Amino acid sequence: MSKDPFDAEAHLDHMARVMGLAIDPAWRAGVVANLEVAARMAALVLDGPLETGDEPAFVFEADR
């Protein structure tokens, strides 16, 4: 299954319109960079293997 690459600039333009946000041109490059990083982090989670019996945790408890 092929995936289209994430286009952070197109996503920013679309979501700014949907949410009625004005993005200051001076901030645009930084916002795009953060969206690209967030997409890479999400890909790490989404690409992880899941077993048939895997269930989400009800409560996160850090190891002590």
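This is a predicted model, so every value here is computed, not measured. Start at 1 with the first residue, then count along the sequence.
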To the nearest 0.5 Å, how far apart are [atom1] in [X] and [atom2] in [Y]?
X	Y	atom1	atom2	value
L46	M41	CG	CE	12.0 Å
E55	L50	CD	CG	10.5 Å
L12	E36	CG	CD	10.5 Å

Among the clusters formed by ILVMFWY side chains lying less than 4.5 Å apart, do V37 and F6 turn up in the same one?
->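 No; tracing contacts between hydrophobic side chains, which count when under 4.5 Å, never links both residues.
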Provide the closest heavy-atom pair for A16 versus I23 in the form atom of the first, atom of the second, distance.
->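 Heavy-atom minimum between the residues: CB-CG1, 4.1 Å.
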Identify the two heavy atoms, one from P49 and one from D54, that lie closest to each other, and give their separation to 0.1 Å.
->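 Between these two residues, the closest heavy atoms are O-OD2, 4.3 Å.
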